[in-house]
Amino acid sequence: MKQALPRACNALAKNQLYHITTPIFYPNAKPHLGHLYSSLLCDASKRWHGLLDQKTLLTTGTDEHGLKIQTASEKNGYKTPMQFVDTLYRDFVKLDEMAQIDYTRFIRTTDDDHAKSVQDLWKRCWDRGYIYKGEHQGWYSISDECFYPDSKVVQIKEDGSELSLSDLDIDRDAKFINTETRNEVVYHSETNYFFKLSAFQDRLTSLLEVENPQFIYPPSRRDQIINELREFKLRDLSISRPCSRIKWGIDVPQDPTQKIYVWFDALCNYITSIGGLEAVISNTPVRLKHKGYTTLQNPRDWWGSTSHLIGKDISKFHTIYWPSFLMAAGLPLPKQIIIHGHWLSGGTKMSKSVGNVVDPIDIISHYGCDPVRWYILENSHIEADGDFREERLHATREQLVSKWGNLLNRCCGNKFNISRAVETFAVNSKNSEELSHNFQDQQTKTSYLNLVTLLGALPESFNKHMLKLDTRSALKLLWEIIGEANAFVQNTTPWLKSGKEQDLVIFTAVEVVRITAIISQPIIPALSGDLLDRIDVSRNKRSLSHALLGLDAAYGAEANKKGRSVPIKRIPPRIGMSSIIP
Ligand SMILES: Nc1ncnc2c1ncn2[C@@H]1O[C@H](COP(=O)(O)OP(=O)(O)OP(=O)(O)O)[C@@H](O)[C@H]1O
């Protein structure tokens with residue numbers, strides 16, 4: 001029989017749709033820890049919503065067009081950019097596989113259906129008068145692939161000092177950088193198509209302030225964008241490049257001399273990945289290029305349930321450009337833009353271009369997928385920047401072994417009988433007050449009742465944190481309860497007890513293992529499964545509705561047999577650990 005979900009979880013579950021997207025990454029070099037972080041947050045969130053019984057999609061992929069790719073491909077001696085991206089995108093797929101990122105589609109912007117989506121979006125914006133042809137001059141960053149206004153450009157003098165453009169003795173041949181990313185910019189003039197971004201200033205402000213203040217999460221990031229909108233006037237945006245300069249891109253419809261500029265192309269991946277523009281407009285079923293080619297019944301409903309998770313480096317493109325493109329095309333907006341902080345290295349953003357990176361494939365190969373997932377999700381906070389410390393990763397792994405593994409091992413000792421304990425107490429477990437009379441001393445009664453209370457509150461508290469993508473606080477709850485359970489076993493010394501008293505200690509402790517393992521499935525999908533296997537929890541009793549005390553009355557049949565291995569063992573740190581922060 002299907003059990004009900006815990007109360008607060010129930011309120012938003014059942015048949016609801018949840019689509020989360022990672023940014024599509026630029027395959028101009030191998031992925032690093034920062035990319036894994038975005039993908040992991042999406043994956044853990046998608047799996048959590050799945051556990052809440054919602055229908056879920058996770059889309060990710062690579063952004064494969066543009067000058068940076070064209071240049072990197074030439075530099076690396078490839079005959080064509082296509083050959084280059086065909087090679088490099090595989091590293092991103094490999095990372096997803098190693099990190100168990102359970103995506104439904106890995107979209108590449110070189111996919112055929114994507115080109116159609118982008119051109120459809122262009123045509124709709126053009127037909128509605130939001131695209132026009134003009135002359136573009138300004139400060140252009142090759143690295144960032146965008147122009148910067150004069151106010152964000154400074155000249156770098158030979159002694160390293162900076163000169164603002166408003167100063168009169170400016171030397172156009174000198175070196176200039178933009179103050180946002182500090183990448184070099186050059187003065188440049190060319191014919192482009194423009195998007196009328198300036199027409200959206202008021203609509204965006206009203207969207208964020210009045211109509212949908214939840215559109216950007218967390219609120220601190222929304223406030224930053226609102227401030228930017230108040231401070232700076234939006235200028236029309238160049239959205240194409242002459243083919244003479246960029247060969248590697250999607251054609252502008254009806255103008256073979258121009259290619260579509262990367263952001264207009266890249267952002268559209270989110271629409272392609274749920275069936276394309278027409279599907280979203282008509283809301284009719286569409287076959288998807290997802291794993292196993294599924295059919296999506298209501299693409300527009302999915303679109304309304306879509307959250308884009310991104311790093312703060314690309315917030316302007318997602319919170320200003322993207323809603324404007326969609327409004328111009330007369331399309332509905334996605335549900336939310338979620339913005340996270342950065343992993344730093346040497347005090348600056350870990351980045352492919354800078355090269356100050358941690359290779360996630362290396363660390364997963366050594367420490368295993370689940371400890372790395374746990375470490376990243378525990379040592380980050382969506383509103384803050386994080387530092388990678390390999391010694392902390394190793395310590396996290398040790399903690400999984402010594403705290404969780406230890407609790408499990410204790411319950412599985414051959415002096416105990418989990419199966420008997422579960423049979424005796426599961427049915428009656430709601431009467432904890434009454435059951436506490438099995439213990440003689442008051443302190444044991446109190447710690448037993450405390451554990452029961454913590455377990456009862458766990459699913460709802462965990463849920464609240466997961467819905468805010470606050471994985472750090474969610475995981476803290478697990479450590480707290482595992483710590484209490486270990487202390488409970490230590491203090492009650494069940495190996496010196498017998499009968500019901502022993503069984504109640506073991507039942508309570510093993511329930512902590514079972515329930516925490518069910519709840520942590522979205523965080524550590526493989527290890528949680530191994531823990532549940534170790535105590536013989538049936539595969540169809542691992543849903544959130546089973547994550548309460550006593551809701552599985554038949555497990556542990558073989559758990560106390562000798563010779564069964566532990567799911568996670570100690571390993572030494574990596575030789576020459578890469579603590580890249582001094
Ligand atoms: N240091 C980081 N911390 C957290 N997320 C990151 C980090 N670097 C990249 N990302 C994720 O990847 C997205 C950007 O992808 P991109 O491929 O442009 O990465 P990048 O390393 O910044 O590349 P490049 O150096 O080539 O600009 C970010 O919005 C974020 O989702």
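Since this is a predicted model, take the numbers as computed values, not measurements. Every number for a ligand or one of its atoms is a count from 1 in the order of the listing.
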Of the side chain and backbone of Pro23, name the one, both, or neither that has a heavy atom under 4.0 Å from an atom of ligand 1. side chain

Nearest candidate to atom 31 (O) of ligand 1, where distance is taken over non-hydrogen atoms, out of Ser353, Ser38, Ala266, Ala72: Ser38

Would you call His32 a ligand 1 contact, heavy-atom distance under 4.0 Å? yes

Return yes when Pro31 approaches ligand 1 closer than 4.0 angstrom through a heavy atom, no otherwise. no

I need the full list of ring pair (Phe, Tyr, Trp, His ring centres under 6.0 Å) pairs touching residues 195-229, with sequence neighbours left out, sorted by first then second residue. Tyr130-Phe200, Phe195-Phe200, Phe195-Phe325

Closest to atom 3 (N) of ligand 1 among protein heavy atoms sits Trp343 N, 2.8 Å

Taking the inter-plane angle between the rings of Phe462 and Trp48 on a 0 to 90° scale, is it parallel (under 30°), tilted (30 to 60°) or perpendicular (over 60°)? tilted

Can you label the angle between the Trp263 ring and the Phe317 ring as parallel, tilted or perpendicular, going by 30° and 60°? parallel

For the 3.5 Å polar cut-off, considering only N or O atoms, please tell me whether Val354 and ligand 1 meet it. no

With a 6.0 Å cut-off on ring centres, are His136 and Tyr261 close enough? no

Return all side-chain donor-acceptor pairs below 3.5 angstrom for residues 472-479, not counting sequence neighbours, or 'none' if the list is empty.
unit_1 : atom_1 : unit_2 : atom_2 : d
Ser473 : OG     : Asp470 : OD1    : 3.1
Ser473 : OG     : Asp470 : OD2    : 2.6
Trp479 : NE1    : Glu378 : OE2    : 2.8

The option among Asp313, Ile310, Leu41 carrying the non-hydrogen atom nearest to atom 29 (O) of ligand 1 is Asp313

